[in-house]
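Presented below is the structure to which this report refers.
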Amino acid sequence: MFFSIFTTVIVLSLSTSLSYSTDLFLYGGCTQQRYNPNSPYESNLNSLLSSLINSATFSSYNNFTVVGSSPNDVVYGLYQCRGDLAMQDCASCVSRAVSRAGDLCPEACGGAVQLDGCFVKYDNATFLGVEDKTVVLRKCGPSVGYDPNSMGVRDAVLSGLAGSGGYFRVGGSGVLKGVAQCTGDLSFAECQDCVAEAIRRLRSDCAAAGYGDMFLAKCYARYSTGGAHAYSKAHGKSGNEGEKTFAIIIGLLAGVAILIIFLAFLRRICEGQGK
């Protein structure tokens, strides 16, 4: 039993250290308006959330509108996965975000949850296709001191993100990495405008910080100089199966070694008792 538990702990700890925290909770919020249990709205909301989870198995973004017999029963929703996630990771992340929203916003008509790898939002008031630059999360790392060269590199990376096309953008120089993304319901011009605002706020609010996160309601921009806050998947798909396998092998070997030592210890005790 000792061997089994010890091996499991090793495998889990190594796998966790090598895995990517796409389900890391960043922020969430709920509307004040509530719905009645077992109401048509609750039924429509459950239908919408199921559609979000199912759609995430084959698309990194989608939005849905579920109508009812009454205008009060209409519910709108969308999800957005980080652009570098594989479909399997996207589906897993959206499922976790939906579950988290249910825990966070029971019986609320609207809710939003941002995990590191995906975003989910639903409401009874339409928000689809509406640009929203409200700051919902701002986080700046500890100051690393003002260095013109480092700040120049950071600003160059952020400028590259601002000028890049597409709804998901990555960039970097050396250890400094950056990522930006808009929700897919925005037009290209709205996406550009939203990302530009997020980057402007990053530059002003996180002037000499080692990392910065600026999440607006419909887009975000982030940068990091590495360490625990690094965006480990910013430049590739989720292909860490080899690392996970390696972690499991190391864990099993360590467990076998502990078992051998444990059996040798028991053998010495038995031999001592027999004399």
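Along the sequence shown, residues carry numbers from 1.
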**Message:** A side-chain contact here means heavy atoms from C-beta on lying under 4.5 Å apart; do Y41 and N36 qualify?
**Reply:** no
**Prompt:** Can you list the other members of the hydrophobic cluster that holds V130, where links are side-chain heavy atoms under 4.5 angstrom apart?
**Reply:** none
**Item:** Shared hydrophobic cluster, L45 / L52 (ILVMFWY, side-chain heavy atoms < 4.5 Å)
**Value:** yes
**Message:** To check you understand the geometry: which heavy-atom pair defines the closest contact between N44 and D73, and what is its length?
**Reply:** ND2-O, 2.8 Å
**Request:** Look at the side-chain heavy atoms of Ile, Leu, Val, Met, Phe, Trp and Tyr, link any pair under 4.5 Å apart, and say whether L24 and F215 land in one connected group.
**Result:** yes
**Prompt:** Can you find a pair of side-chain heavy atoms, one from D193 and one from K133, that are under 4.5 Å apart?
**Reply:** yes
**Item:** Interatomic distance, R100 atom CZ to S95 atom OG [nearest 0.5 angstrom]
**Value:** 13.5 Å
**Request:** Report yes if some heavy atom in the side chain of Y167 is under 4.5 Å from a heavy atom in the side chain of T183; otherwise report no.
**Result:** no
**Message:** If hydrophobic clusters are built by linking Ile, Leu, Val, Met, Phe, Trp and Tyr wherever their side-chain heavy atoms come under 4.5 Å apart, do F119 and L137 end up in the same one?
**Reply:** yes
**Those residues that, when tested against A56, pass side-chain contact (heavy atoms from CB on, under 4.5 Å) (two or more places apart)** = Y79, C90, A91, V94
**Request:** Locate the shortest heavy-atom distance separating T57 from N54; write the atom from each residue and the value.
**Result:** OG1-O, 2.6 Å
**M87 side chain reached by S60 side chain, heavy atoms, under 4.5 Å** = yes
**Hydrophobic cluster membership, I53 vs L85, 4.5 Å side-chain cutoff** = no
**Request:** Determine whether R154 and R203 make a side-chain contact, defined as any pair of heavy atoms from C-beta on separated by less than 4.5 Å.
**Result:** yes
**Request:** Kindly write out the residues that satisfy side-chain contact (heavy atoms from CB on, under 4.5 Å) with A162, not counting sequence neighbours, or none if the list is empty.
**Result:** I199
**pair P142-Y211: side-chain heavy atoms closer than 4.5 Å** = yes
**Member of C191, C194, C219 meeting the disulfide (SG to SG under 2.5 Å) criterion with C182** = C191
**Asked** For the residue pair R200 and E197, what are the closest heavy atoms and their distance?
**Response** NH2-OE2, 2.9 Å
**Prompt:** ring pair (Phe, Tyr, Trp, His ring centres under 6.0 Å) with F64: which residues, sequence neighbours excluded?
**Reply:** none
**Prompt:** So do F168 and Q80 actually touch side chain to side chain, heavy atoms under 4.5 Å?
**Reply:** no
**Prompt:** In this structure, which one of D116, D103, D23 forms a salt bridge (Lys or Arg N to Asp or Glu O under 4.0 Å) with R96?
**Reply:** D23
**Item:** Salt-bridge present (K218, D185; N to O < 4.0 Å)
**Value:** yes
**Prompt:** Which residues satisfy the ring pair (Phe, Tyr, Trp, His ring centres under 6.0 Å) test with Y122, sequence neighbours excluded?
**Reply:** none
**Request:** With Y76 as reference, evaluate L128, N124, L48, D123 under the side-chain contact (heavy atoms from CB on, under 4.5 Å) test and give the passing residue.
**Result:** L128
**Message:** Show the nearest heavy-atom pair for residues R169 and L161, with the distance to one decimal.
**Reply:** NH1-O, 2.9 Å
**Prompt:** How many angstroms lie between atom CZ of F127 and atom CG of L78, to the nearest 0.5 angstrom?
**Reply:** 4.5 Å
**Request:** Of all the heavy-atom pairs spanning L216 and A198, show the shortest one and how long it is.
**Result:** CD1-N, 3.8 Å
**Request:** Could you check if a side-chain atom of V67 sits within less than 4.5 angstrom of a side-chain atom of T65, using non-hydrogen atoms only?
**Result:** yes
**Asked** Can you name the residues that form a ring pair (Phe, Tyr, Trp, His ring centres under 6.0 Å) with Y61, not counting sequence neighbours?
**Response** none
**Message:** Given D213, which partner from the list R201, R222, K139 fulfils the salt bridge (Lys or Arg N to Asp or Glu O under 4.0 Å) test?
**Reply:** R222
